[in-house]
4 protein chains.
Amino acid sequence: MSGSVNKVILIGNLGRDPEVRRLNSGEPVVNLRVATTESWRDKATGERKEKTEWHSVVIFNEGLARIAEQYLRKGSKVYIEGQLQTRKYNDQQGVEKYSTEIVLQRYRGEMTLLDSRGGGAPAAEGGRDYAGADFGAASPMERRPAPAAAGSKFSSSDMDDDIPF
Amino acid sequence: MSGSVNKVILIGNLGRDPEVRRLNSGEPVVNLRVATTESWRDKATGERKEKTEWHSVVIFNEGLARIAEQYLRKGSKVYIEGQLQTRKYNDQQGVEKYSTEIVLQRYRGEMTLLDSRGGGAPAAEGGRDYAGADFGAASPMERRPAPAAAGSKFSSSDMDDDIPF
Amino acid sequence: MSGSVNKVILIGNLGRDPEVRRLNSGEPVVNLRVATTESWRDKATGERKEKTEWHSVVIFNEGLARIAEQYLRKGSKVYIEGQLQTRKYNDQQGVEKYSTEIVLQRYRGEMTLLDSRGGGAPAAEGGRDYAGADFGAASPMERRPAPAAAGSKFSSSDMDDDIPF
Amino acid sequence: MSGSVNKVILIGNLGRDPEVRRLNSGEPVVNLRVATTESWRDKATGERKEKTEWHSVVIFNEGLARIAEQYLRKGSKVYIEGQLQTRKYNDQQGVEKYSTEIVLQRYRGEMTLLDSRGGGAPAAEGGRDYAGADFGAASPMERRPAPAAAGSKFSSSDMDDDIPF
DNA sequence: TTTT
DNA sequence: TTTT
């Protein structure tokens, strides 16, 4: 049945590089840690305040997982559309806990890179991808966001593309 | 490229039965006329006011088009997710005009029936499914929303289903 | 700062009556338990499957809290727009836990009743407002959704209304 | 009545500088022309294709209009949330026409700047705000996006702020 | 842990 | 008319 809708829309920044696990089939499953920040002026004190919320995103959508793996880095700004899912698990002490995640299922969800050049990692020339960022030292790595990925959009219907752009 | 998002989310009622055209392939393309109504209290006069906006929806998504054809009727309440598209055309007098539509492309978009009993067609007892609307009398018709369709949800990933529920 | 977006859109049904707490000021804060259900056909077995996700919604928005208190009941279908927020707490055993909620802050968020007759409470004839749900028997209660509330929409800008319709 | 939702979410780039009209009260009303671009691979030919859609946005929300006036420029990337509205008008020849716009009403809608430094206009030092952009020569102007505006988010609840950040 |  |  259902007549129901379960949709999350986020625009935020990655707190760290994507974590990639791989299924037996070789398909990547990607976990992202995304920060959204709200700021407002306190009416009583007049101070500007700010609160950051952290979101766990899990990408099962194969095409989007590959793109996340290749083009997202710590600091990247991204648009994410998925659905809420809460799963129960037992921590190391065997205590029952719950984790709520934004999930992009197979063939579902959307993701769009919003950085000018597709990532927060330092550009080849050692420069900064976008001004004003202060995401610390992104460690050197081979898998670099390709300039061509800048601002590209991907959705679940790109599944059939070997290369998404 | 793009880094862009173009998304429309509507919850509204059909002003008339769906219009179904058929491609050479036999696939249905469905046009809906959807009303959304906003109401508010006028601060100056204290009166309650109300404004209805009409939206043209075009469903190319094959699975959703079939469902719209079968289960939506004048008065049906529906959740629609599509994208904005403006097309130019010439009217009967040859005057150039523009029409902006909410489009559900092939393999894209979402649609969910929100009626309690699966349709806006007159209930068995001849009543109305929802109050306050003024779409006129819903004419009798053979193709009735099946009770089983009530509150069902369909998305672009249901494409492979012969029957969606 | 921010350049960020944190938005959740739900259409679902209440698993129980709203829980109302009251601030010292007398303002209600309402907790909802909302179910969204997804169904799909298993490709391997051909079976129809279904999964229900439960969401915790907290309404600080005064106007919407009052409406939720008055017009929502177990079984009610509702459109909710809020933001994700995760809070840490210690359970009875003092174990640190996290809870992720959909929050409608003061002056923010949206809520729309989607029931035909304004609530999930048993209809006059003792029937159910929507099929396929399994929330158990809705207990009799005095505070009934008023018929006039059916399908009404409320947003954060209705704050100034003593009565929202 | 209603039970309806009318929501548009766009992420796109401004095709030209914002157009500002002023009400008798001095409040600005801002018109934006926003492009969203979709790209996909043609299955038959294997070619990459691209289609741009243009959207007319009208900002009546006073706070957001001021921000748009000050910080948006041709080329700016922006997140917009508003509602669809179609209005009838007569063109110069007296022909009746319709225009569909995304409207951010007073106290409603959202807008977030997504540029690294808050605009597509050339930076003070004559450089480019973000790589890969080709928005032509942005004419010199006094009203420059302040660096401080970069990636700032504003919503209808910032109304009470003299300065939004 | 991000971003401003 | 933007963006890649």
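Below, chains carry the letters A, B, ... as their sequence lines are ordered, and counting in each starts from 1.
Distance, Tyr98(C) OH to dT1(E) C1': 13 Å, rounded to whole Å. For the pair Asp17(A) CG and dT1(E) P, the computed distance is 14 Å after rounding to whole Å. Atom pair Leu114(D):CG and dT4(E):P shows a separation of 13 Å (rounding to whole Å applied). Atom CG of Asn13(D) and atom P of dT4(F) are 7 Å apart (whole Å). dT1(F) atom P lies 16 Å from atom CD of Glu53(D), rounded to whole Å. Spacing between atom NZ of Lys74(A) and atom C1' of dT1(E) amounts to 7 Å, rounded to whole angstrom units. Rounding to whole angstrom units, CG of residue Leu14(A) and P of dT2(E) are separated by 11 Å. In this structure, CH2 of Trp54(A) is placed 6 Å from P of dT2(E), rounded to the nearest angstrom.
Between the side chain of Asn31(D) and the backbone N or O of Val58(D), no donor-acceptor pair lies under 3.5 Å. Without hydrogens or angle criteria, Asp17(D) side chain to Arg73(D) main chain gives no donor-acceptor distance under 3.5 Å.
Nearest to the side chain of Arg16(D), among dT1(F), dT1(E), dT2(E), sits dT1(F). Here the nucleotide nearest the side chain of Ala35(A), chosen from dT2(E), dT4(E), dT1(E), is dT2(E).
For Thr52(D) and dT2(F), a side-chain-to-base donor-acceptor distance below 3.5 Å is present, hydrogens and geometry of angles not being considered.
For Arg21(D), there are no salt bridge (Lys or Arg N to Asp or Glu O under 4.0 Å) partners two or more places apart in sequence or in a different chain. For Gln93(A), there are no side chain to side chain donor-acceptor pair (under 3.5 Å) partners, not counting sequence neighbours. Evaluation of the side-chain contact (heavy atoms from CB on, under 4.5 Å) rule for Gln92(D) yields no partner, not counting sequence neighbours. For the side-chain contact (heavy atoms from CB on, under 4.5 Å) test, residues two or more places apart in sequence or in another chain that qualify with Asn90(D) are Glu96(D). Applying the side chain to side chain donor-acceptor pair (under 3.5 Å) rule to Glu81(C) yields the partners Lys7(C), Tyr79(C), Lys7(D); only residues at least two apart in sequence or on another chain are considered.
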inquiry  = Dot-bracket, 5' to 3', for DNA chain E please: Watson-Crick or G-U pairs under 3.5 Å, [ ] where pairs cross earlier ones, | where the partner sits on another strand, dots elsewhere.
reply    = ....

